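Values in this document were obtained by computation on a predicted structure and should not be read as measured data. Within every chain, numbering begins at 1; the chains are lettered A, B, ... in the order of the sequence lines, protein sequences first and strands thereafter.
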Amino acid sequence: MKTAVAVLWKCVVLLFVTFALIGIKSQPAGAASGNSGKDLLDKLIANAKAEGTLNANLRPGLGPVIPDLANAFKKRFGLDIDVNLDALTTENELFAKIRAALQAGAPPSVDMLGGPDTRHIEMIEQGLATRVDNWDALLAAVNPLVASGKVKPEVVSPSPLTGYSFIWATVTKALLYNPKLIAKADLPRTRADLADAKYKGKLATAPWVDAWQYGVLYYPKDKWLEIADRVGKNAAAVLYYAASTERILLGELALADSNEYYYWQAKMKDPAAPIGVHWFSDYTSVGTVVNMLPKGSRHPAAATLFALWMTTAEAETILQRAVPYPNLVFGQSPISREIRAAVKGSGSPTVTWYDNAKTLETYKWYGTKEGRQYYGKLVRALTQRR
Amino acid sequence: MPVYAARLTEHFGLHAVPLSVSGLVLVALTGLSLFVLYMTFVPGLPTEPGFTLDHWRTIARPYILTKVIPNTAIIGVGAVAISLLFGCPLAWILNRTSLPWRNTLVTLIAVSVVVPGFVKAMGWMMLLNERIGLINRAIAGVLGWESVTLSVNNIYGTAWLMGLMLTPTMFFLISGPIRAMDPTLEEAASISRAGRWQTLLRVTLPLMWPGILGGAIYVFMTAISVFEIPALLGGMGGQMPVLATELFYEIHPPSQTSIDIHYGAAGVYGALMAVPSLVGLYFYHHALGQGHRYEVITAKGYRPRLSDLGRYTPLALGFVLLYLLLATVLPMLVLIWASLLPYLQVPSLAALSKLSFANYTKFLPAMGGALIIRNTVILVVSVSVLVTLLSFMISWVVVRTKIRWRFAIDSVVLASHAIPSLAFAFALFMLSLIVIRWLPWLPFYGTLGIIILANILNRLPYATRITNAALLQVHHELEECARTCGGRPLTVMRRVVIPLVRPSLIFAALWTALLSFSEVSMALFLTSTQNKILSVGVWSLWATGYLSIASAAAVVTVAIMGTLVFITVGLGGQRVTSLQQTVTVAQR
């Protein structure tokens with residue numbers, strides 16, 4: 001009898017362990033335990049309620065949908081807090097000011113900071129960012145795509161941003177043009193072709209040269225500088241992307257080195273707008289737009305919730321009503337799919353800084369003394385500011 | 001008590017309040033200016049140790065010396081010339097003649113300030129551009145040419161546009177004194193058989209000289225520190241660089257691999273912009289030193305009178321309307337046109353089919369709702385009241401006291417305008433970081449308070465030009481009479497002097513309100529989630545591709561501010577008239 005009970009007991013334990021193992025193994029890779037994620041999320045929500053406030057910056061242009069974003073966010077988590085979203089401050093100065101504030105020992109003016117991945121990498125390396133504990137479990141609890149296993153957590157927060165910053169959009173560099181002023185057949189095939197004298201006086205470049213930094217991956221450095229200088233001399237003006245898009249639509253300029261979504265933004269306003277988008281055949285740079293908590297964030301729970309929620313399809317749908325920021329990495333909206341298809345269909349090879357070891361090494365090289373000097377020469381060449 | 005001590009006590013006692021206020025302002029302005037200068041010698045953040053001359057070495061390169069500085073000088077001188085060309089005749093016509101609808105025309109001049117500079121620049125690009133310019137097409141059509149190579153996208157076009165934009169500044173600077181000037185001198189000239197133009201050139205203009213000189217210096221300093229116009233017309237690249245755009249680049253780093261603000265280099269550019277202004281100050285103070293020659297409001301019968309233009313009325317009206325067309329009407333038409341379209345396009349039948357009011361329902365939510373309106377109202381009201389009060393106090397010390405260092409106060413106040421507003425903004429930002437570490441309870445860092453303070457310090461130079469010129473015209477004997485009758489200093493100030501210079505004070509307050517309303521450079525740098533204001537909202541909407549929604553916001557705000565200006569100008573005119581009548585009756 002005693003032997004039978006012992007055997008039975010062992011069988012029960014064995015069965016229990018077996019089923020437990022089956023249960024763990026059957027969960028998709030990257031998906032966290034529902035219970036632990038939920039517990040963490042519930043605790044985070046409770047903390048956010050206690051904090052009572054969230055101050056966050058969004059990418060400029062999202063102003064028209066701020067009320068919708070704030071309301072949807074609060075509804076999603078049952079929050080009744082004061083949500084202040086700022087889409088009026090441009091990223092350049094915001095990052096610089098926050099960095100200055102943190103280095104001076106003052107708190108950051110926002111709880112959650114959004115912007116291009118390169119800025120975030122610099123903040124992380126300097127110890128000015130906050131890592132989210134149990135970020136993968138929380139991400140799974142917030143984002144259904146991650147919970148279902150369709151998207152892995154490390155895709156949403158890839159190295160070297162892992163646990164600090166979370167992708168919610170991408171920015172792809174493209175050439176915008178006015179089809180009434182220049183035929184598609186006359187467009188430059190490669191970025192280097194912009195140096196051709198036939199484009200003199202027709203082109204607007206931007207004060208930011210980040211797209212041109214990737215050129216050293218495809219061309220010798222000296223040659224690339226020479227090309228950049230000729231492009232700079234060809235440029236009719238150096239303008240913000242929005243301003244150059246306006247000048248394209250006005251019919252004053254034929255070409256503008258820009259972000260792809262300005263084309264879709266113009267078409268959203270007027271499908272008949274005289275604007276086209278063209279992808280270079282040598283390379284198309286893709287940057288990610290991410291959210292993070294700066295060090296010393298005054299309302300970290302609310303900020304964490306919002307940063308994670310911005311990765312969801314729900315947030316993607318709302319923000320794309322204002323600006324068609326696509327998410328080429330894991331976005332599911334019609335706009336994201338359309339832009340992803342357009343880039344792929346163009347045949348242009350895409351490149352990001354963390355594609356492989358070589359691209360990452362090049363990115364880090366730009367942070368060295370030699371790289372900074374080269375970068376300075378690139379800026380001076382393209383903007384003709386000596 | 002020794003005689004000299006008693007006199008000293010009496011002298012300082014009389015002016016205690018203005019002296020205290022001026023002292024505080026002097027400390028604030030000097031401290032901030034020195035802080036900006038200090039940052040030019042620090043390698044990184046001002047809170048970090050170190051000393052370097054590298055920032056100063058960066059300016060010693062051919063690009064700065066052969067392109068940036070000459071371009072800046074062209075803009076400054078050109079803007080002064082244009083603003084004088086329009087501003088002086090406008091001030092005389094609209095304040096000393098019987099031209100009809102003067103209040104309405106003055107209101108329209110004031111309203112033009114509220115139209116954002118970048119909108120005017122966009123509007124002028126549509127008007128004067130080799131490819132799409134409407135004026136170019138009209139001229140080419142009339143003359144039968146293929147194209148007309150006139151464009152606003154060059155340094156001279158920028159100077160022209162800047163001069164048009166700053167004409168209202170010049171106009172209001174000299175309007176106060178010219179409006180209150182005693183016509184007795186002009187009547188004396190007329191009796192001596194001097195013609196209208198002779199009187200204007202040999203009597204009126206020389207008496208207005210301090211105001212005109214102060215205006216010219218102020219316009220020059222403003223013109224070389226504005227960045228959005230040259231940036232939009234080509235200054236962001238090497239085609240047309242100026243000091244203001246170079247400074248902007250240092251404050252707003254374009255790099256995606258470095259997020260450093262180059263405070264030191266920005267401070268150096270600020271110092272470069274200050275140099276010519278300091279030279280101009282010398283000449284300004286020389287004119288102030290001859291102040292007694294410009295006193296035209298005395299105790300002996302003061303009745304401002306308007307000159308009848310007669311057959312020159314259509315010419316004068318045409319001149320005023322021409323300026324308004326160029327500076328206000330055309331940009332406003334472009335603004336309204338842009339606000340009714342999904343994106344800015346040249347007028348055409350296709351464009352007409354796309355007109356709608358959709359943008360008018362979008363701008364307020366896009367800018368953050370009612371908070372932005374509340375912040376803007378608080379900013380405009382507090383800045384205009386405080387600036388008017390402070391500038392009156394400062395001018396009292398400069399014009400009314402015999403303190404040896406009174407010109408130093410005035411010099412510091414005026415010289416502070418030579419420091420670009422962006423430099424003040426980042427100095428205040430750095431100060432706020434230091435303050436929040438030690439005084440976290442003080443509402444400064446990231447609040448509306450810091451923008452208010454920035455605007456107060458930035459507007460004082462202008463307002464003190466108005467109040468200096470106004471007080472210069474009030475003779476001492478009026479106050480001496482009042483004190484002889486037992487009036488205390490503050491009572492004399494309140495009941496004798498202020499009523500006489502009220503038109504100037506109203507103009508100073510109004511102008512400060514308009515300028516602080518439309519100021520965007522400092523506010524952009526100091527903005528946070530809690531202190532957003534309308535000018536930043538409009539700029540941000542434009543910068544992110546929402547020119548049409550930004551235009552709708554601008555149209556609504558111009559309409560509201562225009563109405564307020566009209567009411568204020570109208571009230572100011574009535575009070576001057578009633579005061580004149582009271583003085584006339586008392587004399588009888």
Side-chain angles (χ1 to χ4, degrees), chain A residues 55 57 60-61 63-64 66-67 84-90 92-93 95-97 99-101 103-107 109-110 116 118-119 122 205 207-208 210 213 232 235 237-243 245-246 249-252 262 265-266 269-270 273 323 366-367 372 375 379 383-386, chain B residues 45 47 61-63 122 125-126 129 131-132 153 232 234 236-239 241 249 251-261 342-346 354 362 365-369 429-430 433-434 436-437 445-446 524-525 527-530 532 536-537 540-549:
Chain A
N55 296 311
N57 88 291
I66 280 178
N84 300 309
L85 302 177
D86 174 22
L88 297 182
T89 311
T90 53
N92 287 355
E93 62 218 58
F95 270 83
K97 287 194 300 189
R99 183 165 174 265
Q103 288 180 331
S109 58
V110 294
T118 45
R119 300 249 164 84
E122 198 167 337
T205 54
W208 307 282
D210 46 307
Q213 287 179 264
V238 177
L239 300 166
Y240 287 139
Y241 294 137
T245 306
E246 292 285 348
L249 293 169
L250 259 178
E252 195 221 335
Y262 282 101
Q265 188 179 32
K269 293 175 190 172
D270 180 9
V323 181
Y366 271 110
R372 283 179 191 272
Y375 181 85
V379 170
T383 62
Q384 293 293 294
R385 286 175 60 235
R386 303 290 173 190
Chain B
L45 282 174
T47 50
R61 62 186 200 268
Y63 172 74
M122 288 292 290
M125 267 199 305
M126 285 182 64
N129 179 280
R131 193 195 295 279
I132 59 168
N153 291 71
L232 190 65
M236 292 202 80
Q239 294 90 350
Y249 263 127
I251 298 284
H252 295 77
S255 164
Q256 291 254 348
T257 57
S258 170
I259 49 175
D260 281 330
I261 293 177
Y343 59 89
L344 186 60
Q345 35 197 307
V346 178
K354 294 170 191 165
K362 294 178 186 173
M367 292 195 292
F429 170 71
M430 291 311 306
L433 294 184
I434 296 168
I436 198 170
R437 283 183 70 181
Y445 174 65
L524 264 179
F525 193 78
T527 196
S528 71
T529 51
Q530 287 90 27
K532 291 176 277 193
V536 171
S540 181
L541 284 175
W542 166 76
T544 53
Y546 289 101
L547 172 66
S548 298
I549 300 181

Pick whichever of B:Ala366, B:Ser540, B:Gly537, B:Gly446 has the most heavy-atom pairs under 4.5 Å with chain A.
B:Ala366

If I compare all heavy atoms of B:Leu433 with all of A:Ala106, which pair ends up nearest, and what's the gap?
CD2-CB, 3.8 Å

Check B:Pro365 against A:Pro67 and note the closest heavy-atom contact, atom names and distance.
O-CD, 4.4 Å

Heavy-atom nearest pair, A:Lys97 first then B:Leu524, reads NZ-O, 4.1 Å

What part of B:Leu344 gets closer than 4.5 Å to chain A, counting heavy atoms only: side chain, backbone, both or neither?
both

Taken to the nearest 0.5 Å, the spacing of A:Asp86 CG from B:Thr527 OG1 works out to 6.0 Å

Which one of A:Leu249, A:Asn57, A:Asn84 has the most heavy-atom pairs closer than 4.5 Å to chain B?
A:Leu249

Which heavy atom of B:Tyr445 sits nearest to which heavy atom of A:Ser109, and what is that distance?
OH-N, 3.5 Å

Can you name the nearest heavy-atom pair linking B:Lys532 to A:Leu85, along with the distance?
NZ-O, 3.4 Å

Can you tell which of A:Lys269, A:Glu246, A:Glu252 has the highest number of heavy-atom pairs within less than 4.5 Å of chain B?
A:Glu252

Who among A:Gly232, A:Ala87, A:Pro107 has the most heavy-atom pairs with chain B under 4.5 Å?
A:Pro107

Any side-chain heavy-atom pair from A:Gln265 and B:Tyr546 closer than 4.5 angstrom?
yes

Under 4.5 Å, counting heavy-atom pairs only, tell me which of A:Val110, A:Val323, A:Thr245 racks up the most with chain B.
A:Val323

Taking all non-hydrogen atoms of both residues, which atom of B:Tyr343 and which atom of A:Ala273 are closest, and how far apart?
OH-CA, 3.2 Å

